[in-house]
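This report concerns only the one structure given below.
Every number for a ligand or one of its atoms is a count from 1 in the order of the listing.
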Amino acid sequence: MVELRDPNFKRINSLELASLFIEQSVKELREKIKDEKVILALSGGVDSNVVAALLNKAIGKNLICIHVNHGLLRKDESKEVIENFRDKLGLNLIYLEVEDYFLNKLEGVSDPEEKRKIIGHEFINCFVEEAKKLDGIKYLAQGTIYPDITESKGIKAHHNVGGLPSKLNFELIEPIRLLYKDEVRMIGKALGLSDNLVYRQPFPGPGLAVRCPGSITRERLEIVRETDAILREEFQKCGLSEKVWQYFTIVPEYRTVGVKNNKRTYLYFVVIRAVNSVDATTATVEEIPYDILFKIRDRMLDEIEGINRVLVDITPKPTGTIEWE
Ligand code: XMP
């Protein structure tokens with residue numbers, strides 16, 4: 001049975017209301033958890049960031065976070081999680097570096113749903129194995145938000161941490177389960193998290209794997225990661241990062257002929273995708289000015305080995321989905 005939001009529940013649209021929610025939530029969490037321990041999978045996404053900060057306020061060292069770096073994260077993402085949560089907030093954070101393990105499991109797998117299943121399954125395995133090593137854990141916290149429980153997602157096998165509760169004998173704690181995304185962001189701000197942690201683009205659970213269509217190789221994954229970093233940097237510089245809902249690069253498993261220094265090349269190409277949406281069920285394409293596109297193209301072609309073309313995806317959703325897989 002899905003728990004529905006009380007119609008009288010006031011939309012949290014100010015820092016004052018967010019502070020009230022935090023106060024109430026911290027009180028309830030302390031009453032419920034007492035001196036018990038809680039674990040949380042901290043991905044670096046807005047929802048888990050906010051849950052981590054909220055629980056840290058409520059129970060401090062009794063919260064244990066596990067950050068699984070499956071090698072499919074954006075450039076510097078794990079570093080930022082560690083800096084912000086372990087170094088700055090002093091959180092109890094276990095960092096799992098399992099890139100090789102994941103890339104081995106994914107080697108030669110090109111079917112999109114198969115890739116998603118492997119990543120989801122292995123993510124849960126890694127988390128569960130690590131959780132089993134810890135003694136005295138009673139609760140598992142999750143960053144489930146309201147649309148996660150009210151929207152059905154039938155198009156792709158979505159991978160969050162949905163399979164975790166059934167694999168672990170922990171009681172579930174979902175402190176933001178009745179909130180919408182904008183409210184979660186407001187709570188994050190009121191908790192003092194930096195904008196960088198609160199205003200993040202949506203990022204799929206299977207990460208860069210879905211932006212590396214076909215079977216994943218380290219080479220293409222690295223091109224996706226580096227071109228994504230250039231795109232983000234340039235969008236930041238020209239203010240588009242505040243305007244555009246989601247933007248990223250894709251590097252398909254396909255090479256084309258090009259020329260460099262008078263020599264033939266046979267290399268991959270990069271696709272830029274920038275879309276606007278409210279709830280991800282439909283999306284429109286952002287019109288990126290050509291001068292900005294040219295600057296991004298020049299940087300990508302100059303700085304990244306292994307590519308000889310840059311393309312722009314102008315497909316709305318429908319008919320395309322936002323991600324390519
Ligand atoms: P699509 O590609 O289906 O994506 O139009 C809609 C939105 O969802 C994100 N996405 C995911 N998010 N787990 C997630 O948490 C996933 O498995 C997943 N797949 C896609 C996507 O980035 C877009 O914002």
Side-chain angles (χ1 to χ4, degrees), residues 40-51 67-68 70-74 77 81 102 105-106 109 111-124 126-127 142-165 174 176-177 179-182 184-185 197-214 216 224-225 227-228 231-232 235 241 243-252 271-286 313-325:
L40 167 74
L42 180 59
S43 65
V46 183
D47 306 335
S48 67
N49 286 349
V50 170
V51 170
H67 175 69
V68 181
H70 49 25
L72 304 165
L73 299 174
R74 282 170 288 203
E77 208 154 24
V81 168
F102 269 77
K105 292 276 177 196
L106 288 165
V109 182
D111 179 71
E113 286 300 283
E114 189 61 28
K115 282 163 77 177
R116 278 173 175 270
K117 275 187 201 129
I118 292 172
I119 297 164
H121 178 78
E122 295 304 334
F123 180 90
I124 290 170
C126 287
F127 187 87
Q142 285 200 309
T144 315
I145 65 170
Y146 203 46
D148 293 338
I149 48 181
T150 53
E151 276 170 19
S152 63
K153 295 177 173 131
I155 297 172
K156 294 171 188 173
H158 265 246
H159 149 64
N160 285 328
V161 280
L164 278 176
E174 296 176 309
I176 55 170
R177 71 190 174 283
L179 305 185
Y180 288 102
K181 200 73 160 193
D182 55 309
V184 176
R185 293 204 161 101
L197 296 177
V198 172
Y199 294 100
R200 292 172 93 74
Q201 298 182 53
F203 188 64
L208 301 181
V210 297
R211 298 172 184 175
C212 231
I216 300 171
V224 175
R225 202 180 337 259
T227 51
D228 173 75
L231 186 71
R232 284 192 286 144
F235 266 37
S241 57
K243 183 174 166 236
V244 184
W245 195 74
Q246 194 172 11
Y247 45 96
F248 52 88
T249 58
I250 304 121
V251 182
V271 181
I272 294 172
R273 182 139 176 83
V275 296
N276 290 308
S277 180
V278 176
D279 58 6
T281 55
T282 60
T284 55
V285 177
E286 173 71 19
D313 182 357
I314 54 163
T315 318
K317 175 181 182 178
T319 56
T321 48
I322 294 175
E323 306 287 349
W324 273 35
E325 286 193 340

Should you measure from each heavy atom of Thr321, which atoms of ligand 1 turn up under 4.0 Å away? 1 (P), 2 (O), 5 (O)

Residue pair Asp228 / Arg211: nearest heavy atoms and the distance that separates them: OD1-NH1, 4.4 Å

Roughly how far apart are Gln246 CD and Arg273 CZ, rounded to 0.5 Å? 9.0 Å

Taking only Lys NZ, Arg NE, NH1 and NH2, and the carboxylate oxygens of Asp or Glu, determine whether Glu325 and Arg116 approach each other closer than 4.0 Å. no

Please indicate whether any nitrogen or oxygen in Ile322 is less than 3.5 Å from any nitrogen or oxygen in ligand 1. yes

Ligand 1 and Arg116, any nitrogen or oxygen pair closer than 3.5 angstrom? yes

Taking distance alone, with no angle check, do Gly205 and ligand 1 share an N/O pair under 3.5 Å? yes

Give the atoms of ligand 1, by number and element, whose distance to some non-hydrogen atom of Lys317 is under 4.0 Å. 1 (P), 3 (O), 5 (O), 6 (C)

Is Trp245 in polar range of ligand 1, meaning some N or O pair under 3.5 Å apart? no

Looking at side-chain heavy atoms only, is the closest gap between Phe123 and Leu72 below 4.5 Å? no

By salt bridge (Lys or Arg N to Asp or Glu O under 4.0 Å), which residues pair with Glu77, not counting sequence neighbours? Arg74, Arg200

Heavy-atom contacts with Pro206 under 4.0 Å: which atoms of ligand 1 show up? List them by number with element. 16 (C), 17 (O)

Is there a polar contact, in the sense of an N or O pair closer than 3.5 Å, between Arg211 and ligand 1? no

Who pairs with Phe235 by ring pair (Phe, Tyr, Trp, His ring centres under 6.0 Å), at least two apart in sequence or on another chain? Tyr247

Side-chain donor/acceptor of Arg185 to backbone N/O of Val198, under 3.5 Å: yes

Between Gly45, Pro204, Ala209, Gly207, which one has a non-hydrogen atom sitting closest to atom 12 (N) of ligand 1? Pro204

